[in-house]
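One structure below.
These figures come from a predicted structure and were not determined experimentally. Atom set for the values below is all heavy atoms of this structure, side chains included, hydrogens, waters and symmetry mates excluded.
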Amino acid sequence: MEHDVPGATEHDDQAPRTPQKPDSAVVRDALGVGIAVGLSGFAFGVTSAGSGLTVLQTCALSLLVFTGASQFALVGALAGGGNPFTAAAGAFFLGVRNAFYGLRLSQLLALPRAVRPFAAHWVIDETTAVSLAQPTRRAARIGFTVTGLSLYVLWNLTTLLGALGAEAIGDTDAWGLDAAGPAVFLALLAPMLRTTTERAVAAIAVVLGLGLLPVLPAGVPVLVAALAAPAVLYVEGRKGDAKAAAKGDATEDVRPGDTRNDPRSDIQHDTQREDR
Amino acid sequence: MNIWIAIGATFVGCYLVKLAGLLVPAGALERPLVKRMAALLPVALLAALTAQQAFADGRVLELDAKALGLTAAAVALLLRAPFLVVIGAAVVVTAGVRALAG
């Protein structure tokens with residue numbers, strides 16, 4: 001386990017005003033996130049077992065996939081009768097955001113190439129949020145490692161307990177445990193809904209996801225609902241074009257959906273990410 | 001068997017995108033449009049998934065105790081409750097409504 005480093009930076013008053021943070025404070029922050037989110041592996045274990053997966057399959061998901069939203073999406077799609085590939089596709093698209101986290105983390109942590117294949121497994125929402133919040137590279141590395149380790153260990157332990165518990169208590173619906181999955185999604189989604197663009201995407205996706213459910217094969221409506229994102233970006237780009245044309249300075253070759261016209265959009269999106 | 005195929009495909013896909021982020025030279029994924037899309041895709045997917053799991057049973061739309069549970073979760077979120085409290089609120093309210101309804 002990590003130890004507090006006594007007196008590491010507590011009395012650095014003479015030091016130049018570079019941002020400092022004691023290692024123990026970083027460890028405390030990281031453990032707070034790791035433990036709180038790690039415990040919700042219980043909800044995943046119960047949901048997965050309640051969706052008809054065996055204990056072994058449930059634990060394999062947490063050990064191998066280790067990105068909560070994708071895991072919930074996969075078992076939800078399988079429970080809804082989706083075929084394995086459409087179910088996996090939905091889970092995969094949800095995991096794509098981790099590539100963008102990795103891009104930032106690789107600059108921030110500057111990991112040796114040999115370590116990257118192992119570190120990659122821990123590149124998720126929570127480790128990124130904790131790492132980005134740190135003032136120095138050393139703190140970011142500690143934050144990433146402690147969050148990753150505590151979250152991985154706890155998430156897998158509580159997944160196992162949840163899966164075993166679901167078998168023991170029988171009808172998980174009577175205990176309201178089928179509400180855990182959508183509640184997790186809502187909690188992940190809520191901080192993303194800051195601007196009109198995000199809200200429009202969410203609203204269109206809900207309409208598509210529910211409206212197409214009775215008419216398309218299971219799993220497919222979610223994939224179609226994902227089209228809400230490019231659709232809204234396209235409309236946004238067209239509006240940008242119209243504005244530029246009205247101003248009479250549309251000399252630049254602006255592609256539809258390009259957000260260069262709206263410098264705010266990218267900045268807002270960046271701050272959102274850091275807030276998470 | 002189908003489930004193992006889904007687990008395998010999800011594992012490989014999700015691991016490779018994580019690794020890609022760490023290995024890809026900065027700049028390749030830095031185009032504003034690509035970043036924008038990466039931020040908005042999860043919004044669309046999570047919204048559709050939340051709605052389906054809350055308001056549908058298989059391929060049939062239905063309104064039951066889960067919808068009230070999710071409302072409780074939304075209220076907890078508005079009150080800035082911690083992650084586990086939000087999930088707990090949804091579970092407890094759903095179970096409570098079902099117990100009362102019989």
Where on A/V215 is there a heavy atom nearer than 4.5 Å to chain B: the side chain, the backbone, both, or neither?
-> backbone

Side chain, backbone, both or neither of B/F11 within contact of chain A (heavy atoms, under 4.5 Å) | both

Nearest heavy-atom contact between A/A73 and B/L49 is CB-CD1, 3.7 Å

Chain B contacts, top residue of A/H121, A/R199, A/Q71 (heavy-atom pairs, under 4.5 Å) | A/H121

Whatever's closer than 4.5 Å to a heavy atom in chain B on A/A180 counts as both

Grab the two heavy atoms, one from B/W4 and one from A/A60, that are nearest each other, plus how far apart they are.
-> CZ3-CB, 3.8 Å

Specify which of B/G69, B/A48, B/A81 makes the most heavy-atom pairs with chain A at under 4.5 Å.
-> B/A48

In this structure, CZ of A/F93 is separated from CG of B/L45 (nearest 0.5 Å) by 8.0 Å

Nearest heavy-atom approach of A/A120 to B/Y15 is CB-CE1, 4.0 Å

A/D173 portion near chain B, given a 4.5 angstrom heavy-atom threshold = both

Among A/A226, A/G95, A/A228, A/A91, the residue with the most heavy-atom pairs under 4.5 Å to chain B is A/A226

Just give me the residue among B/L78, B/L77, B/V86 that pairs up with chain A most often, heavy atom to heavy atom, under 4.5 Å.
-> B/L77

Considering all heavy atoms, the nearest A/A88-B/A6 contact | CB-O, 4.0 Å

Cut-off 4.5 Å, heavy atoms of chain B, and the answer for A/R113 is side chain

Looking only at heavy atoms, what is the nearest atom pair of B/A44 and A/A225, with distance?
-> CB-O, 3.7 Å

Under 4.5 Å to a heavy atom of chain A? For B/P42 that would be both

Do you know which of A/L78, A/L61, A/L64, A/L223 has the most heavy-atom pairs with chain B at a distance under 4.5 angstrom?
-> A/L64

Measure A/L186 against the heavy atoms of chain B and call it side chain, backbone, both or neither at under 4.5 Å.
-> both

Please look at A/L74 and chain B and tell me whether the side chain, the backbone, both or neither of the residue comes under 4.5 angstrom of a heavy atom of that chain.
-> side chain

Atom pair CZ/CG of B/F83 and A/L39 - distance to nearest 0.5 Å = 11.0 Å

Quick one: NZ on B/K35 to CZ on A/F100, what's the gap to the nearest 0.5 Å?
-> 9.0 Å

Using non-hydrogen atoms and a 4.5 Å limit, figure out which bit of A/F66 sits close to chain B: side chain, backbone, both or neither.
-> both

Output the option from A/G52, A/P117, A/G82 having the highest count of non-hydrogen pairs under 4.5 Å with chain B.
-> A/P117

Is A/W175 atom CH2 crowded by more than 12 heavy atoms from other residues, nucleotides or ligands, each under 6.0 Å away?
-> no

Between A/S106, A/A89, A/A69, which shows the greatest number of heavy-atom pairs under 4.5 Å with chain B?
-> A/S106

Interatomic distance, CG@A/L210 vs CD@B/Q52, rounded to 0.5 Å, equals 6.5 Å

What closest approach, in Å, do A/S40 and B/I87 show between heavy atoms, and which atom pair accounts for it?
-> CB-CD1, 4.1 Å

Could you please spell out the steps behind the side-chain contact (heavy atoms from CB on, under 4.5 Å) verdict for A/T197 and B/V43?
-> CA-CA 10 Å; A/T197 308; B/V43 172; over 6 Å; no

Check whether any side-chain heavy atom of B/L41 lies under 4.5 Å from a side-chain heavy atom of A/R97, and answer yes or no.
-> no

Given the options B/L46, B/L22, B/V91, which has more heavy-atom pairs under 4.5 Å with chain A than any of the others?
-> B/L22

Rounded to the nearest 0.5 Å, how far apart are CG of B/L19 and CZ of A/F118?
-> 10.5 Å

Yes or no on side-chain contact (heavy atoms from CB on, under 4.5 Å) for B/K18 and A/I124, after CA distance, side-chain angles and deciding distance?
-> CA-CA 8 Å; B/K18 287 175 179 176; A/I124 53 171; 4.1 Å; yes

From CA spacing to verdict: side-chain contact (heavy atoms from CB on, under 4.5 Å), A/F92, B/V17 = CA-CA 9 Å; A/F92 169 78; B/V17 289; 3.5 Å; yes

Pick from B/V12, B/V92, B/I5 with the largest number of heavy-atom pairs that fall under 4.5 Å of chain A | B/I5

Quick one: CD1 on B/I3 to CG on A/L56, what's the gap to the nearest 0.5 Å?
-> 11.5 Å

Chain B contact via A/A119 - side chain, backbone, both or neither, heavy atoms under 4.5 Å | both

Among the options B/T94, B/L40, B/V34, pick out the one with the most heavy-atom pairs lying under 4.5 Å from chain A.
-> B/L40

Pair B/R98 + A/D178: basic N to acidic O under 4.0 Å | yes

Max heavy-atom pairs within cutoff under 4.5 Å with chain B, candidates A/L111, A/V123, A/T86, A/N83, goes to A/V123

Pick one of side chain, backbone, both or neither for A/Q107, based on which atoms fall under 4.5 Å of a heavy atom in chain B.
-> side chain

Among B/V93, B/L23, B/I7, B/L16, residue most engaged with chain A (heavy-atom pairs, under 4.5 Å) = B/I7

